[in-house]
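One structure below.
So that the names make sense, note that chain A is the first sequence line, chain B the second, and so on, each numbered from 1.
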Amino acid sequence: MTTIGLQHYLVVSSILFSLGLFGIVTRKNAVMVLMGIELILNSANINFIAFARFGNFGFDGQLIALFVIILAAAEAAVALAIVLNIYKNFSTVNVDEIDKLKE
Amino acid sequence: MDGSNLITLSLFILFAPLVGFWFTLVLGKKMQKSYLIEIAVSTLVLLTTIYVSFTKLFFFPDIKFVSEFTWINLGNVPLLGKVTVELGMMIDNITALMLFVVALISSLVHYYSIEYMKGDKRYNRYFAFLGIFTFSMMGIVLTHNILMMYIFWELVGLSSYLLIGFWFEKDSASDASKKAFLVNRIGDLGMFSGILLIFVNYHTFTFDKIFLAISSGVLPFNSEFWLTIVGVLLFCGAIGKSAQFPLHVWLPDAMEGPTPVSALIHAATMVAAGVYLVARIFPMMTGDALFFVAVIGVLSAFIPATIALTQTDIKKVLAYSTISQLGYMIMALGVGSFAFGFFHLVTHAFFKAGLFLGAGSVIHAMHHEQDIMKMGGLRKKLPVTYYTFLIFCLAISGIPLTSGFLTKDGILAGSYAFGLLTGNTVFAITGFFVALLTAFYMFRILILTFHGTTRNQHAYDHAHESPFLMVAPLALLAALSIFIFYTANPLNADSGWVLSKWIKTPASVVPEHARYSFMVPEKMQEETTKVTEHITHSEIYTEALHHAHIPAVLLSLVVAGLGILLAFAFYQWKKIDVDSLTEKVKPLYTFSLNKWYFDEFYHKTFVAGLLGISNLLAWFDTYIVDGIVNGAASVTRMFSRFSGLFDSYVVDGAVNVTATFSGLIGLAFRKLQTGKVQAYVVLVVFSLVLLLLFFVKI
């Protein structure tokens with residue numbers, strides 16, 4: 001039985017990041033894309049906590065993770081508002097159909 | 001009474017005719033009787049003038065009234081110094097006399113024209129034109145500087161043009177008006193050059209200031225020669241306006257205008273303006289310039305007199321006699337006989353205006369017949385016209401008891417004295433000869449018109465004496481042709497008030513050795529630089545004139561009598577057969593009949609020359625100048641075409657290639673830009689992975 005070390009955390013966070021990235025790239029629904037972003041943020045959080053736990057950094061990692069959580073909450077609020085507005089303007093939240101940037 | 005109101009009143013005299021002109025012209029379209037305004041204005045002007053002139057002449061014969069204001073003040077001009085231009089009025093004795101002459105004849109012509117022009121379709125306009133003429137003439141007379149004089153000089157030219165061409169439907173009238181205007185311009189060109197020379201040298205236009213500067217020794221370009229040139233150039237204006245040789249050709253043609261106009265403009269006033277100008281600039285004329293004036297004068301006296309002998313148009317004869325008489329005046333001024341020259345201007349104005357108005361009366365009675373060969377025997381039909389015409393003829397011939405005798409005799413005595421003093425007797429001899437011719441041709445037209453039997457029964461039967469408004473001016477002018485208005489002694493005008501008090505030879509201001517020798521003043525007068533009216537002639541001159549007087553009187557009586565006698569012998573008693581005599585001197589006769597071929601000569605030389613030069617210039621313009629322009633244009637066009645090609649193929653080509661190339665690149669990269677955020681994210685991640693692969697050594 002091996003003890004759970006830094007690598008385990010990093011693997012989990014990598015998996016989580018990849019899932020998040022996968023969600024951002026593949027999902028059609030804008031809300032799902034947002035959820036992908038949340039996953040990436042949380043994978044970053046895991047990294048911070050893991051390095052704080054196994055590295056010699058004091059409480060800096062935990063503090064930054066707390067900030068990220070707060071930021072994520074704010075981001076979610078703003079992003080959801082954006083999604084609502086997108087829906088209002090385009091009557092859809094399908095990101096494939098929103099290709100105004102092309103013009 | 002201090003005469004201070006005279007200038008104010010003369011302003012009224014000057015501008016009232018202008019106002020009359022304006023209202024008559026503007027209201028003429030609506031009011032049938034707007035000419036009455038002009039008549040009223042004319043009468044008012046006459047009354048004011050009588051007051052002004054005689055107040056000046058009787059109460060202030062030795063004072064010169066001047067009023068001026070600065071019109072343009074340029075301050076200190078580089079190279080020229082202080083430059084101001086003053087306008088102003090001046091009333092001295094000759095102004096006053098001239099004012100009276102102009103106003104009197106002008107208003108008489110106004111009254112006369114009421115009848116004469118009756119029924120003309122431009123009746124009101126005619127009177128308006130008379131108004132502007134009076135205005136311009138008053139301007140010439142009243143001004144104290146040569147600039148204003150020049151302005152009014154041109155205005156007179158304009159009004160003369162309007163009046164000569166009054167019946168412009170007739171080609172001959174409109175041609176005559178153009179001719180008069182253009183010929184006058186030639187003289188005015190000289191006058192204008194003279195004015196410019198004066199201004200360049202003296203920085204002023206005012207006569208008195210110019211005279212003052214000359215008398216203090218300032219000469220144009222520091223040379224007496226240039227002073228002579230200035231005098232001659234200014235005199236050129238007089239040559240044009242007074243119809244002197246060689247510019248006299250316009251005056252006979254100007255007879256195309258209405259006859260009262262001829263009386264006003266081409267006999268009494270406008271043509272006298274030239275003489276007036278010479279009188280004004282007399283103090284600054286050098287001996288050489290005066291000699292030139294005298295030569296022009298004597299030629300102008302002689303040539304038209306010979307032409308007048310054979311003309312059959314009554315107005316043409318009078319026109320040539322006018323030139324001849326103006327020549328007398330100019331000659332008198334030229335030989336230094338200033339007083340008689342100007343005096344003749346006054347007396348001539350009255351009797352010549354009378355002659356023209358008389359001729360107008362005849363023409364009116366004969367239904368616009370002007371050929372004296374078709375008249376005759378009109379004495380009984382037109383008694384008043386006849387007797388006044390007789391008086392005028394006696395006056396112009398210089399028969400004692402008339403005004404003409406006083407002045408003509410004076411001029412002849414003056415030229416005789418000039419001959420005695422300088423040995424140059426040409427002027428005197430020609431003067432006497434012209435006096436003979438004058439008497440002859442005047443009585444020729446008198447006899448052919450009024451005596452004998454008629455040669456045109458139809459017109460004769462319908463002829464009748466002219467109405468009161470036409471004969472009254474004649475009577476008045478005939479009265480003014482009697483000596484009593486000028487002097488108490490019918491044989492010698494020297495003691496009369498006109499010569500002893502009013503007309504005085506002005507002081508010459510040119511350097512002494514540039515004058516006629518007899519005009520060198522006494523030592524005492526030499527010191528006075530201030531220009532005043534006093535006699536400059538030395539005692540030698542006065543003595544010579546005294547000596548010349550008796551022979552001149554006798555001789556002029558003889559020649560005048562001879563002329564009249566000859567006229568009677570030729571035309572009344574038929575002692576001499578005119579036709580056979582004509583045959584004998586055929587070349588001379590045709591030469592005179594064709595007016596010395598002056599018109600033909602001018603046509604062949606100046607007009608043809610001018611046309612030739614114009615054609616040459618036109619050719620030069622069409623072929624050379626236009627050719628250069630057109631050539632330059634086609635060269636430019638060719639060059640433009642080439643540079644156009646270069647532009648569309650080379651420059652535009654390069655631009656287009658760049659654009660196409662950019663477009664192609666754009667096409668390639670456009671594919672990447674899908675507009676889908678997710679695609680971008682994939683791209684970002686992919687690129688990141690690539691970067692990591694390159695830069696991070698695993």
Side-chain angles (χ1 to χ4, degrees), chain A residues 6-7 10-11 13-44 46-47 51 71-72 75-103, chain B residues 629-698:
Chain A
L6 178 62
Q7 278 169 350
L10 292 183
V11 168
S13 103
S14 301
I15 291 168
L16 210 55
F17 176 81
S18 303
L19 285 171
L21 190 61
F22 182 76
I24 288 172
V25 174
T26 54
R27 292 293 109 181
K28 302 276 180 211
N29 194 316
V31 180
M32 298 303 277
V33 175
L34 280 180
M35 287 166 74
I37 292 169
E38 293 297 321
L39 284 182
I40 289 173
L41 285 171
N42 282 320
S43 78
I46 291 171
N47 273 11
F51 282 112
L71 210 73
E75 179 250 57
V78 173
L80 279 169
I82 290 173
V83 170
L84 274 174
N85 268 317
I86 287 175
Y87 183 74
K88 238 191 219 165
N89 281 317
F90 296 99
S91 307
T92 178
V93 285
N94 187 346
V95 285
D96 277 356
E97 287 170 29
I98 304 160
D99 51 1
K100 283 267 174 195
L101 275 180
K102 199 168 149 185
E103 289 161 11
Chain B
V629 171
N630 288 339
S634 58
V635 166
T636 313
R637 272 180 57 189
M638 274 164 60
F639 188 76
S640 321
R641 196 169 294 150
F642 173 74
S643 84
L645 286 176
F646 181 82
D647 239 31
S648 46
Y649 290 101
V650 180
V651 177
D652 285 10
V655 171
N656 285 341
V657 165
T658 318
T660 319
F661 183 68
S662 312
L664 285 173
I665 295 177
L667 271 180
F669 281 91
R670 183 195 241 150
K671 297 279 188 292
L672 289 176
Q673 182 128 7
T674 56
K676 290 172 183 159
V677 182
Q678 285 168 324
Y680 297 154
V681 172
V682 171
L683 208 62
V684 168
V685 171
F686 183 69
S687 324
L688 201 66
V689 171
L690 273 180
L691 285 174
L692 284 173
L693 275 177
F694 272 114
F695 294 109
V696 181
K697 302 270 192 298
I698 302 167

Per-residue contact mode, A:Ile24 against chain B (heavy atom under 4.5 angstrom):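 For A:Ile24, heavy atoms of backbone and side chain both lie under 4.5 Å from chain B.
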
Counting only heavy atoms from other residues, nucleotides and ligands, does the tally under 6.0 Å from CZ of A:Phe22 exceed 12?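 Count not over threshold, so no.
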
Would you say OH of A:Tyr87 has more than 12 non-hydrogen atoms from neighbouring residues, nucleotides or ligands within 6.0 angstrom?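 No, because the 6.0 Å sphere around OH of A:Tyr87 holds 12 heavy atoms or fewer from other groups.
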
Any heavy-atom pair between the side chains of B:Val682 and A:Val25 that's under 4.5 Å?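 Result yes, sub-4.5 Å side-chain heavy-atom pair found.
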
Taking all non-hydrogen atoms of both residues, which atom of A:Thr26 and which atom of B:Gln678 are closest, and how far apart?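 So the minimum-distance heavy-atom pair works out to C-NE2, 4.1 Å.
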
